[in-house]
Asker: 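Starting off with a structure, shown below.
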Amino acid sequence: MGEIVRLQKYIAMCGEASRRAAEQLIEEGKVSVNGEKVTSQGIKVEIGADKVTISGRQIEPCKKLYYIMLNKPVGYVSTVKDQFSRPAVTDLLGDEIKARLFPVGRLDYDTEGLILMTNDGDFSYKITHPKHNVEKTYIAVLKGGITIGGLNRLRNGVRLSDGFVTSPARAEIIDTPKGMTAVKITIHEGKNRQVRRMFEAVGSKVAELKRISINGVELGNLPLGRWRYLTAHEISKLKNL
Ligand code: URA
């Protein structure tokens with residue numbers, strides 16, 4: 001008998017989507033098991049015995065798992081598909097990798113920097129799950145300056161416009177180019193446009209935003225728009241959360 005797993009985990013193991021996106025596919029009625037459409041989330045399947053299809057196409061657990069990092073330029077969406085047909089990070093992968101990779105979490109269209117991509121849905125699920133408090137570091141270039149009071153509010157936790165209070169962040173000024181201020185900030189939450197909104201809450205405007213590390217895995221000098229495989233050491237750093 002094969003291993004029995006929840007359907008959304010099986011879909012993730014097949015490299016089709018993250019677990020969360022798999023739940024959506026189920027909700028949308030696109031998934032069938034042994035020819036029967038499934039719409040509830042509790043279903044389990046036996047690997048190697050049950051036949052799972054998405055929109056009629058049979059899927060199988062991936063044999064080869066990929067883990068890469070990419071330096072996303074501004075002007076690319078970090079989803080696989082975009083409703084406005086804007087360029088997507090997947091367009092930057094070229095044809096060396098035959099598997100379908102998806103981005104781990106999101107970076108805004110107007111943010112650049114480190115994004116991880118994989119076909120390992122469990123890996124993606126773990127890194128993006130709030131309970132793991134994965135640290136992400138950004139360089140935010142502000143128009144104008146920031147006060148010590150503002151920095152301290154970011155460090156202590158700040159109330160955003162929607163009422164959410166952020167956890168304490170690490171924040172320090174690292175440069176003051178002409179009329180601008182570069183701040184290095186580390187957070188472990190992932191609310192929509194969180195870094196921009198944190199600065200907004202303390203009266204600063206972010207002109208440029210770049211992510212430079214995730215859980216100690218650094219973007220380094222990877223050129224903009226390029227990707228590379230993660231090292232075994234980096235993969236284990238991200239898996240052992
Ligand atoms: N915070 C933001 O404001 N934007 C991002 O893309 C990531 C974090």
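These numbers come from a predicted model, not from an experiment. The analysis underlying the following values was restricted to heavy atoms, covering all of them including side chains, and did not include hydrogens, waters or symmetry mates. Just follow the structure's listing: the first ligand is 1, and inside any ligand the first atom is 1.
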Asker: Ignoring hydrogens and angles, write down the donor-acceptor pairs under 3.5 Å from the side chains of residues 175-182, residues two or more places apart or on other chains.
Answerer:
from	atom 1	to	atom 2	distance (Å)
T181	OG1	G144	O	2.7

Asker: Any sub-3.5 Å donor-acceptor pair from R159's side-chain atoms to G163's backbone N or O?
Answerer: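 At least one qualifying donor-acceptor pair exists.
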
Asker: For D108 and T111, indicate whether the former's side chain and the latter's backbone hold a donor-acceptor pair under 3.5 Å.
Answerer: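 No; judged by distance alone, with no hydrogens or angles, the pair does not exist.
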
Asker: Please list, by chain and number, the protein residues whose heavy atoms come under 4.0 Å of ligand 1.
Answerer: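 Its neighbours under 4.0 Å (heavy atoms only) are L107, D108, T111, Y138, R193, Q194, V195, R196, L209, given by chain and number.
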
Asker: Sub-3.5 Å donor-acceptor pair from the side chain of S204 to the main-chain atoms of E200, do we have one?
Answerer: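 Not a single qualifying donor-acceptor pair exists.
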
Asker: Quick one: does K37's side chain have a donor or acceptor within less than 3.5 Å of a partner on K30's backbone?
Answerer: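 No; zero donor-acceptor contacts below 3.5 Å.
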
Asker: Counting only N and O atoms by type, is there a donor-acceptor contact under 3.5 Å from the side chain of S18 to the main-chain atoms of G121?
Answerer: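 Not a single qualifying donor-acceptor pair exists.
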
